[in-house]
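To start, the structure itself, in C-alpha cells.
Side chains included, hydrogens not; waters and symmetry mates left out as well; all remaining heavy atoms used. As the structure lists them, so they are numbered: ligands from 1, and atoms in each ligand from 1.
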Amino acid sequence: MSIPMVDLKGQYETLKTEIDSAILQALGETRFILGPNVQAFDQEAAEYLGVNHAISCANGTDALHLALLASGIQPGDEVITSAFTFIATAEAIRFIGAIPVFVDIQPHSFNIDPARIRAAITDRTRAILPVHLFGQPADMNEILALAEEFDLLVIEDCAQSFGSRYGERATGAIGASGAFSFFPSKNLGCYGDGGMVTTNDETTAAKIKMLRNHGSSQQYHHDVIGVNSRLDELQAVILRIKLKHIDEYNRKRHEVARAYNERLAGSRFQAPVIPDDRDHVFHQYTILCDNRDAVREAVLAREVSCAVYYPIPLHQQKAFADTAQPELPVTEATAQRCLSLPIFPEMTERQIATVCEALLSA
Ligand SMILES: *Cc1c(COP(=O)(O)O)cnc(C)c1O
C-alpha cells in the first residue's frame, strides 16, 4: 500500500457530485471575475473565522503582499518573523522593500519564540509577522503584548492554520490582519491557487479590496497603484463547498495526530506536542529525529511518503544574502532533524499503522 502526503483524489470523490454540479452552474452563469461565489465565499469565510472582513485574492503569497502593502510599512522598515517557514513569508516582506529580521523558534512548537523577539526590536521595527506553522497558533498573547509595548503591527501568516483557534479567536482574527493560502494541499485547499486576507479594520479592508483590483473601487477609476490578485470564481465554488466540512477535516487531522503520537510514544522519534491551551489543526504532522535523511530514505523505500519542511531556513537562502544573517541555533537544528509524515482527514487506521511500521523499522 503506497501512502501519499495528502489524498486530494480521495477527498474529491466524496465531494464530486456537489462540486461538479456547482462548477457547471458557475460555468453557465459566466460571471468569472469577482462573481457571486467570490462575494459569498468572502462573507462565509469572514463569518466562519469571526472576523469583520475577509478579502479573497489569487494566492497566499499575494495575501501576505496585500496585507503588508495595506499596512503602510515602508521600504527600509523592519519586520520581525521566523526563518523556519516557506519562502513566501519573508519574500512578501522583501517585495515591499522592507527588511525581514529573523528570530529563532521554540523547539517544541516550531513557532517564533516570543522570548527572543524583544532583543530584535530596533527603532526601525514596524511589525511582527508570526507564522502559525503546521497549523499551530504562535504565542499570540506574548506577541500582542510586545506589539502593544513597542507600537508594532501584528500580521499573521495563516497559510497553514485555517480554522485553528487561540483562546476564543481564530487565527487571522487576532492581529491587524491575517493572510491565508488555499493552495490545494493546505488544510483548506482549492483546485488551483487561492488566498485571502482577513482584518477587523474597515479602512484596511477597503484598501485591500482596492489593491487586489488595480487600485480601483469603481471601474476605470484608479486611486492607487494596485495589483491584479483576485480569487477565481471556480475556486470560490470549491472553497464554499469545502468550508462546510472544515471543522470535520480539522478534527480528523487531530485524530490522526493523536493516533501517531500513541504509536510513536517511547520511540526514538520525537512526536509533536499536542497543546491543550490552543488548537492545532495539524496541517503537517512533523517529528524530529537523528539521521533524518537516512530515515527519510528508508521510509520512502517502503512507498510511504514523507517530506522535509523546511530543509533550508530562510536566513540561509541565497535570496536573503543581502539581509543580516543571525545565528538561529534552534531553527538550524530543526531543519536538520524535522520530518513530516502523511496526514489528511481521510487517513485510515491501517494507513497510520503502515506509516508507523515504516518509520519504526527505519
Ligand atoms: C503556502 C504558504 C504560503 C504561500 O501560499 P501560496 O498560496 O502558495 O502563495 C505562505 N506562507 C506559508 C507559511 C505557507 O505555507
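Of the possible polar contacts, none joining the Asp223 side chain to the Ser217 backbone as a donor-acceptor pair under 3.5 Å is found.
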May I have a table of the N/O to N/O pairs between ligand 1 and the protein that fall below 3.5 Å, each row giving the two atom names and the distance to 0.1 Å?
unit_1	atom_1	unit_2	atom_2	d
ligand 1	5 (O)	Ser181	OG	3.2
ligand 1	7 (O)	Gly60	N	2.8
ligand 1	7 (O)	Ser181	OG	2.6
ligand 1	9 (O)	Gly60	N	3.3
ligand 1	9 (O)	Thr61	N	2.8
ligand 1	9 (O)	Thr61	OG1	2.5
ligand 1	11 (N)	Asp157	OD1	3.4
ligand 1	11 (N)	Asp157	OD2	2.8
ligand 1	15 (O)	Gln160	NE2	2.8
ligand 1	15 (O)	Lys186	NZ	2.8

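We find that Arg116 and Asp113 are joined by a salt bridge, their nearest charged nitrogen and carboxylate oxygen being less than 4.0 Å apart. Salt-bridge annotation for Glu44 and Arg240: present, with a side-chain N of the basic residue lying under 4.0 Å from a carboxylate O of the acidic one.
Side chains of Glu332 and His315: a donor on one and an acceptor on the other come within 3.5 Å. Between the side chains of Asn111 and Asp139, no donor-acceptor pair of N or O atoms lies under 3.5 Å.
A continuous path of ILVMFWY side-chain contacts below 4.5 Å connects Ile287 to Val304, so both sit in one hydrophobic cluster.
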